Amino acid sequence: MYLKCHKIGDAQMLFDRMPEKDVVIYSAMIAGFSREGLVDKAKELFSEMRTMGVEPNMVSWNGMIAGFCNRGLHIEGLMLFQTMFSEGFRPDGSTVSCVLPAIGQLEDSVMGTQVHGYVNKQGIGSDKYVISALIDMYGKFSCALEMSKVFDESDQMEIGSCNAFLTGLSRNGLVDTALDIFRRFKAQGMELNVVTWTSMIASCSQNGKDLEALEFFREMQNEGLEPNSITIPSLIPACGNIAALMHGKAIHCFSIRKGILGDVYVGSALIDMYAKCGRIQLSRLCFDKMPTRNLVSWNAIMRGYAMHGKARETIEMFHMMQQSGQTPDVITFTCLLSACSQNGLTEEGWHYFTSMSREHGIEAKLEHYACMVTLLSRVGKLEEAYSIIKKMPIKPDACIWGALLSSCRVHHNLSLGEIAAKKLFQLEPDNPGNYVLLSNIYASKGMWSEVNRIRDVMKSMGLRKNPGCSWIELGRKVHMLLAGDKSHPQMKQILEKLDKLSIEMNKAGYHPDTKMVLQDVEEQDKAQILCGHSEKLAVVLGLLNTSPGQPLQVIKNLRICDDCHAVIKFISCFEGREIYVRDTNRFHHFKDGVCSCGEYW
DNA sequence: CTAGGGTTAG
């Protein structure tokens, strides 16, 4: 009874007072500790029972193996599985269903196939736990075919296997298929559970379907299902991705009501969400209030500060993290280096870059080199950045060359820009962004024939600039604005307002950037040029629908363009608004005509 | 027939 109520302490007290203990009582207690994640305690009992002359049976072994596998100690679990086998036990459905997820995690497909064979031989292939574990494993192996085969041969009304199948599909890039099948399940009147809904929410928020994730959340509650402490952190990233602050806050309140605010995953997800919504102070508040923190929480707050260009705070958190005894990982250093790179902190950047492997035993990865390239380029040391690329022990990828090319655009460096662009055209020939960047550099030098040449190349390859897209949350609704898309009901007002603003801007001595390169390259619809870029539209929509003085927040799927940057600086001053624009990788905080990025992005 | 064990969601 105590074990079933998760009162492990009470159970242990009773257990300790028992004079005579048999296999059953030992097994119950081992499983109890395993469920609570107290593997060491379980291990103690497992060896104690043998010294007390009680031989472990199947159930004792299974409890022990479950303990290891559920705690992420996959290798230990699998080793025990093999020991059990060699001691003459024949693992049953329980054992196998614990061991399969571990095999999937380790991507040991040889062992996976062996165990699948064993399952068939033993005739336990119709056990529902085994089936869902098999589906899960093949999903983790990226064996969509094997996975579907197991599912097709199973009872398709068994919710566990259906859930494993849906997750497996999304995991293998087949989100849309998963969505279709989910709808089919629902139409068939199948009893869906929290796991099903959570899985769909997670698939959406991990695959750019953020509005859909929010919709699923509402739908599951309409169906009378209670979201739990796994559902919530699966949903929160969706709010951050589209900077839906009001939705995010509502879910924050929901977590308080559900009493799950103390959960590390919930807390860490909130930190990340508030940071992405431009509210870094709220991130910090959530962080400070967390009862327990882990690596994810520390990385979340550091990433938040880095995203906001707050290098001092990022470094301060790093010191606090070390004082707290938390060991950093690769991501921690990415946060540190990206914070340094945005602020031109060359000395600190080099310090963390070198201490990373020397003091922390973490090898620098591509993203760390990319930060160093950005950092050195930012302070004008483009040649030094290039020499790092030439010397780095890993093959530079598109991120590295992209970092160099972007910096060359900022510094109008043609020779290195051409080198970087050439590499990028080989690495990712279909990415229109690279062509646009190089063309920007040519345009800044007035080399119009080169600009035209690139435009022709793009045209012949059928490449178009990715459509710019911006989001703004107004009241309870998230508006999406696509560059050149006139379908928004308030578009007429938006254009009128933009007109008025441009008159004011001209009066103030602002003239649109003559290097309107993108349009030169593109020659896209005149309409798009007239409407302006999506971030401009979103900002103006915000101006129209909020009261004066209220801050605005816009997010964009691409790098903000020079012209929009200049226009928004003007608006922040002229309209007296604080405007936050979240770019692909950082925040621009416009206030009184100045932007926090210091003109470098 | 027989106490005690398991899968799928972050």
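Computed from heavy atoms alone, side chains included, the values below leave out hydrogens, waters and symmetry copies. As the structure is a computational prediction, the values presented were derived from the model and not from experiment. Every chain is numbered from 1 and lettered A, B, ... according to where its sequence line falls, protein lines coming before strand lines.
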Touch class at under 4.0 angstrom, heavy-atom based, for [X] against every strand present:
{"X": "G93(A)", "result": "base"}
{"X": "N193(A)", "result": "nothing"}
{"X": "P101(A)", "result": "sugar-phosphate"}
{"X": "S229(A)", "result": "base"}

Check: For M190(A) and dT8(B), what is the distance between atoms CE and P respectively, to the nearest whole Å?
Finding: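 My rounded result for the distance is 17 Å.
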Should the side chain of [X] and the base of [N] be counted as holding a donor-acceptor pair, with the cut-off at 3.5 Å?
{"X": "S132(A)", "N": "dT7(B)", "answer": "yes"}
{"X": "S234(A)", "N": "dG10(B)", "answer": "no"}
{"X": "D92(A)", "N": "dG6(B)", "answer": "no"}

Margin query: Under the criterion side chain to side chain contact (heavy atoms under 4.5 Å, CB included), I'd like the reasoning laid out for K209(A) against E215(A): C-alpha separation, chi angles, the key distance, then a yes or no.
Written below: CA-CA 10 Å; K209(A) 296 179 182 293; E215(A) 186 50 44; over 6 Å; no
Margin query: Using the side-chain heavy atoms of V23(A), tell me which of these nucleotides is nearest: dA9(B), dG6(B), dG4(B).
Written below: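 Nearest to the side-chain atoms of V23(A), counting from C-beta on, is dG4(B).
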Next item on the list: Go through the side-chain N and O atoms of R582(A) and Q553(A) and say whether any donor and acceptor fall under 3.5 Å apart.
Entry: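 The criterion, which ignores hydrogens and geometry beyond distance, is not satisfied for Q553(A) and R582(A).
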Next item on the list: Report yes if at least one side-chain N or O of N70(A) is closer than 4.0 Å to OP1 or OP2 of dT7(B); otherwise report no.
Entry: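 Looking at the OP1 and OP2 atoms of dT7(B), one of them is under 4.0 Å from a side-chain N or O of N70(A).
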